[in-house]
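What follows is a single structure, written as structure tokens, with notes after it.
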Amino acid sequence: MTQGRVTFLGTGTSSGVPMIGCACDVCRSTDPRDNRLRPSIYVEVPGHASILVDTTPDFRQQALTHGIARVDAVLFTHSHADHILGLDELRRFNWMQGGPIPAYASADTWDHIRRTFYYAFDGVKRLGGGIPKLEPHDISGPIVVGGVNVVPVPLWHGDAPILGFRFGGLAYLTDCSRLADEAWALVDGVETLVIDALRDRPHTTHFTVDEALDVIARVRPRRAYMTHMSHELGHAATSARLPEGVQLAYDGLVLEVDVDVI
Ligand SMILES: [Zn+2]
Ligand SMILES: [Zn+2]
Ligand SMILES: [Zn+2]
């Protein structure tokens with residue numbers, strides 16, 4: 001294990017918070033923790049790699065805000081728009097780093113990404129602007145990314161199988177309404193658990209706050225953070241009713257975590 005650092009680049013649901021055209025209390029809140037970009041984390045492991053999880057539609061803004069100047073690898077949880085639409089911004093990292101960026105996703109997710117970003121994968125030469133260059137890898141089991149051991153954690157996002165990721169002491173489980181049966185053993189003993197909690201009302205593809213608390217109670221991490229929140233969860237009011245050791249994540253939150261390296 002070595003010490004790494006995770007930065008929450010975005011902790012909001014697919015619309016972001018505030019939502020366009022919404023005048024609710026949370027969308028008009030002046031608490032910066034109620035401003036949520038689309039969900040993503042950046043995991044830095046000194047001496048090994050800096051790994052981005054998902055490329056949101058806000059990725060350019062997230063990279064500028066947090067001074068991200070290096071992406072050694074990208075992991076994709078799934079292909080929903082709020083997790084992939086910033087992929088084109090990787091061009092800048094291609095130019096700075098002088099080559100393609102290794103990227104990891106399930107075969108299904110790659111199929112969707114290849115169709116959404118057809119121009120980056122179809123081999124057709126086009127005049128003018130550059131294209132993002134990725135080195136695609138299928139995820140079919142544990143992977144080693146720049147010397148960092150990453151364990152994919154199978155999740156159910158409604159009826160869609162998607163992936164969470166475990167980096168040693170940190171597990172990042174966004175966009176889920178159920179853990180796959182085999183996932184429980186894979187997150188056993190995790191210190192820091194990040195888990196989807198959309199809102200209080202039930203939803204077909206996301207955990208509610210109470211459902212997320214049930215998962216946390218079963219996994220028993222040292223600390224847990226909720227993510228992918230909608231505008232129905234104000235930061236201060238929701239935090240006040242969470243049990244000890246459980247918090248809402250917020251954009252810009254940085255945590256020290258133990259990371260498993262080779
Ligand atoms: Zn999402
Ligand atoms: Zn609102
Ligand atoms: Zn999703």
Side-chain angles (χ1 to χ4, degrees), residues 6 8-42 52-59 61-62 74-87 89 103-113 115-117 139 152-165 171-180 183 193-209 211-212 215 225-238 248-251 253:
V6 56
F8 289 80
L9 303 181
T11 58
T13 190
S14 57
S15 55
V17 181
M19 283 208 303
I20 293 171
C22 185
C24 79
D25 286 349
V26 175
C27 287
R28 286 185 299 119
S29 164
T30 53
D31 184 339
R33 298 168 303 179
D34 286 326
N35 284 332
R36 304 180 182 127
L37 298 178
R38 268 56 75 83
S40 172
I41 58 170
Y42 181 63
L52 177 69
V53 179
D54 292 332
T55 56
T56 82
D58 301 315
F59 176 51
Q61 188 182 343
Q62 291 164 331
V74 183
L75 307 178
F76 289 104
T77 58
H78 66 306
S79 61
H80 284 165
D82 53 327
H83 297 260
I84 68 166
L85 283 189
L87 184 149
E89 308 298 348
Y104 299 78
S106 72
D108 273 359
T109 296
W110 275 125
D111 182 43
H112 300 155
I113 290 175
R115 283 189 278 153
T116 306
F117 294 93
I139 297 178
V153 179
L155 305 171
W156 288 101
H157 187 22
D159 59 5
I162 77 138
L163 296 176
F165 297 106
Y172 180 67
L173 312 182
T174 188
D175 290 68
C176 48
S177 46
R178 187 158 61 89
L179 273 68
L193 176 66
V194 182
I195 181 107
D196 183 349
L198 181 73
R199 63 190 191 188
D200 288 316
R201 292 183 299 124
H203 190 274
T204 49
T205 59
H206 295 276
F207 282 130
T208 63
V209 170
E211 289 167 344
V215 174
Y225 291 86
M226 296 180 175
T227 192
H228 214 291
M229 283 81 66
S230 83
H231 70 153
E232 295 182 25
L233 298 177
H235 190 94
T238 309
L248 295 190
Y250 54 88
D251 291 21
L253 173 66

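Starting from 1, each residue takes its place in the sequence as its number. These numbers come from the heavy atoms of this one structure, side chains and all, not from hydrogens, waters or symmetry mates. Counting convention: from 1, in listed order, for ligands and their atoms alike. Treat the numbers as computed from the prediction; the structure is a model and nothing was measured.
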(Q) Nearest 0.5 angstrom please: His235 NE2 to Leu248 CG, how far? (A)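 It comes to 5.5 Å.
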Q | Side-chain donor/acceptor of Asp251 to backbone N/O of Leu37, under 3.5 Å | A | yes
Q | Any donor-acceptor N/O pair, Ser29 side chain to Asp25 backbone, under 3.5 Å | A |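 Not confirmed, Ser29 side chain does not pair with Asp25 backbone.
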Q | Of Asp58, Thr56, Thr13, the residue whose pairing with Arg38 passes side-chain hydrogen bond (donor to acceptor under 3.5 Å, both in side chains) | A |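 One option only clears the test, and that one is Asp58.
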(Q) Which atom name does His80 have for its N/O/S atom nearest to the Zn ion (ligand 3)? (A)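 For His80, the N/O/S atom sitting closest to the Zn ion (ligand 3) is ND1.
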Q. What N/O/S atom of Asp82 is the closest to the Zn ion (ligand 1)?
A.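 That would be atom OD2.
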Q. Does Asp175 bring an N, O or S atom to under 2.8 Å of the Zn ion (ligand 3)?
A.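 It does: Asp175 brings an N, O or S atom closer than 2.8 Å to the Zn ion (ligand 3).
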Q. Would one find an N, O or S atom of His83, in either backbone or side chain, under 2.8 Å from the Zn ion (ligand 3)?
A. no
Q: Give the name of the N/O/S atom in His231 that lies closest to the Zn ion (ligand 2).
A: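 Considering only N, O and S atoms, His231 comes nearest to the Zn ion (ligand 2) through ND1.
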Q. Can you tell which of Ile41, Asp82, Thr77 makes a side chain to side chain contact (heavy atoms under 4.5 Å, CB included) with Asp54?
A. Thr77
Q. Do you see an N/O/S atom of His78, backbone or side chain, under 2.8 Å from the Zn ion (ligand 1)?
A.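 It does not; every qualifying atom lies at 2.8 Å or beyond.
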